[in-house]
Protein chains: 2
Amino acid sequence: MKEFLKTKGFKMTPQRELIFRSFFEMGKHVSVEELYDKVHQKDRSIGYSTVWRNLKVICKVGLAEEVNLGDGVTRYDRVTREPHGHLFCQNCKRLIEFDIHAVLPYLVETGEEKNFRADSFKIEITGLCEDCQAMENKKNERLH
Amino acid sequence: MKEFLKTKGFKMTPQRELIFRSFFEMGKHVSVEELYDKVHQKDRSIGYSTVWRNLKVICKVGLAEEVNLGDGVTRYDRVTREPHGHLFCQNCKRLIEFDIHAVLPYLVETGEEKNFRADSFKIEITGLCEDCQAMENKKNERLH
DNA sequence: TTGCAATTGAATATCGTTTTCAATTGGCCG
DNA sequence: CGGCCAATTGAAAACGATATTCAATTGCAA
């Protein structure tokens, strides 16, 4: 990791080490605040802006990318080899991934038709996840 | 329009009339600031928060929806009968629409597979539009 | 016309993101 | 090893868009 960062023009520090490690432990769709909470538990001297900056660094070196769902919070999603879309539950904010291989060719073609050079694709489906639908049903039962 | 609003529990006012009218004249992908500029030209007494609130009202009554592209600005997109995706040029911020009918069945099915109740779909392709690609090419030529 | 809830404009609060600044530190070079 | 310089850090503050507050006004149903 240290060598990898060097090739990108970044140094390794204890804080960066901890922040990177924590981010990759947490998996996907992490917000600055969530990561800060986790990191701060382990080392109470690490500041919020350091966590924020390092999430940007993780993106700059290509290990993650920003995800925006319109709820005002930027999340950072670990870049995987597999392109995927998101099912975003409006109620519990859960983010579920799904495969978008099947539609990518169509999207690329669509861009080309309009002479648009596509760099990245995002597909977000908003709605209610299974659990929240169940909750909603219960609530409705009680009303009757 | 007045009657329609009434059924939704809203009143009509001169300000609202002007804001609604301006929004629908402007077409698509309007930010609060853009709409405020336009409205303020016509009636300098209308405040920013009134414009903001009325964009929310337009969404609440189902005539528009918020679009978020990760550049920190919420845009309001007139709801059309035709579902569409967006080509978003990172350079000039232009937003080009494209038809997503072909992929909707796949997306619905994907949600259902995971017992997810889909309410809305967003497909955003980020990259460079035709014009900005041309500019980029020119810039590269000059460098050689 | 009257009453009341909805609406408005200005100001301010909020909140996530981003920058500033002085102090510290990693890592290259001699 | 020791010194140097750019990168990094933490705290605080700046920023910018969104959202709320409040007193005054206004739509509209009765």
Side-chain angles (χ1 to χ4, degrees), chain A residues 1-23 29-37 39-61 64-77 93, chain B residues 1-23 29-37 39-61 64-77 93:
Chain A
M1 188 74 250
K2 187 176 167 182
E3 288 309 310
F4 172 71
L5 280 179
K6 202 192 295 178
T7 68
K8 305 276 185 176
F10 294 101
K11 294 175 179 173
M12 182 50 87
T13 67
Q15 295 94 330
R16 179 160 290 167
E17 166 85 32
L18 178 56
I19 291 168
F20 273 50
R21 194 175 296 283
S22 300
F23 175 73
H29 322 125
V30 181
S31 68
V32 182
E33 202 173 358
E34 284 164 358
L35 185 56
Y36 172 72
D37 286 346
V39 167
H40 197 246
Q41 279 186 337
K42 298 182 184 168
D43 182 343
R44 309 210 49 212
S45 73
I46 296 183
Y48 186 93
S49 44
T50 299
V51 174
W52 178 81
R53 278 185 287 231
N54 273 294
L55 275 170
K56 293 287 182 185
V57 170
I58 293 175
C59 291
K60 280 181 194 160
V61 301
E65 54 190 20
E66 301 190 347
V67 182
N68 232 292
L69 295 134
D71 65 345
V73 181
T74 303
R75 278 160 230 280
Y76 295 81
D77 194 7
K93 313 299 182 194
Chain B
M1 189 74 249
K2 186 175 167 182
E3 288 308 310
F4 172 72
L5 280 180
K6 202 191 296 178
T7 67
K8 304 276 185 175
F10 294 101
K11 294 172 180 174
M12 182 50 86
T13 68
Q15 295 94 330
R16 178 160 291 164
E17 167 86 30
L18 177 56
I19 292 168
F20 273 49
R21 194 174 296 282
S22 301
F23 175 73
H29 324 126
V30 182
S31 68
V32 181
E33 203 173 357
E34 286 164 357
L35 184 56
Y36 172 72
D37 286 346
V39 166
H40 197 246
Q41 279 186 337
K42 299 183 185 169
D43 182 344
R44 310 208 52 211
S45 73
I46 295 183
Y48 188 92
S49 45
T50 300
V51 174
W52 178 81
R53 277 184 290 229
N54 273 295
L55 274 171
K56 293 288 182 184
V57 170
I58 293 175
C59 291
K60 280 181 194 159
V61 302
E65 54 190 21
E66 300 190 350
V67 182
N68 232 290
L69 295 134
D71 66 343
V73 181
T74 303
R75 277 161 231 280
Y76 295 80
D77 194 7
K93 313 300 181 193

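Order of the sequence lines sets the chain letters (A, B, ...), proteins ahead of strands, with each chain counted from 1.
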Mind calculating the distance between [atom1] ([X]) and [atom2] ([N]) to the nearest angstrom?
| X | N | atom1 | atom2 | result |
| --- | --- | --- | --- | --- |
| H40(A) | dT9(D) | NE2 | P | 15 Å |
| L35(A) | dG16(C) | CG | P | 15 Å |
| I46(B) | dT26(D) | CD1 | P | 13 Å |
| R75(B) | dG16(D) | CZ | P | 16 Å |
| E17(B) | dC28(D) | CD | C1' | 16 Å |
| N68(A) | dT17(C) | CG | C1' | 12 Å |
| L18(B) | dG9(C) | CG | P | 10 Å |

Does a side-chain N or O from N54(A) land closer than 4.0 Å to OP1 or OP2 of dT9(D), or not?
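It does, given that an N or O in the side chain of N54(A) lies less than 4.0 Å from OP1 or OP2 of dT9(D).
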Does dT8(D) have OP1 or OP2 under 4.0 Å away from a side-chain N or O of Q15(A)?
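Result: no.
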Could you tell me whether the side chain of R53(B) has a donor or acceptor atom within less than 3.5 Å of a complementary atom in the base of dG9(C)?
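Indeed, a donor on one side and an acceptor on the other fall under 3.5 Å apart.
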Within the modelled atom types, does a donor on one side and an acceptor on the other bring the side chain of K56(B) and the base of dA19(D) under 3.5 Å apart?
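Counting by modelled atom types and ignoring angles, no donor-acceptor contact under 3.5 Å is found here.
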Nearest-nucleotide 5' precedence on DNA chain D, Y48(A) against W52(B):
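This one resolves to Y48(A).
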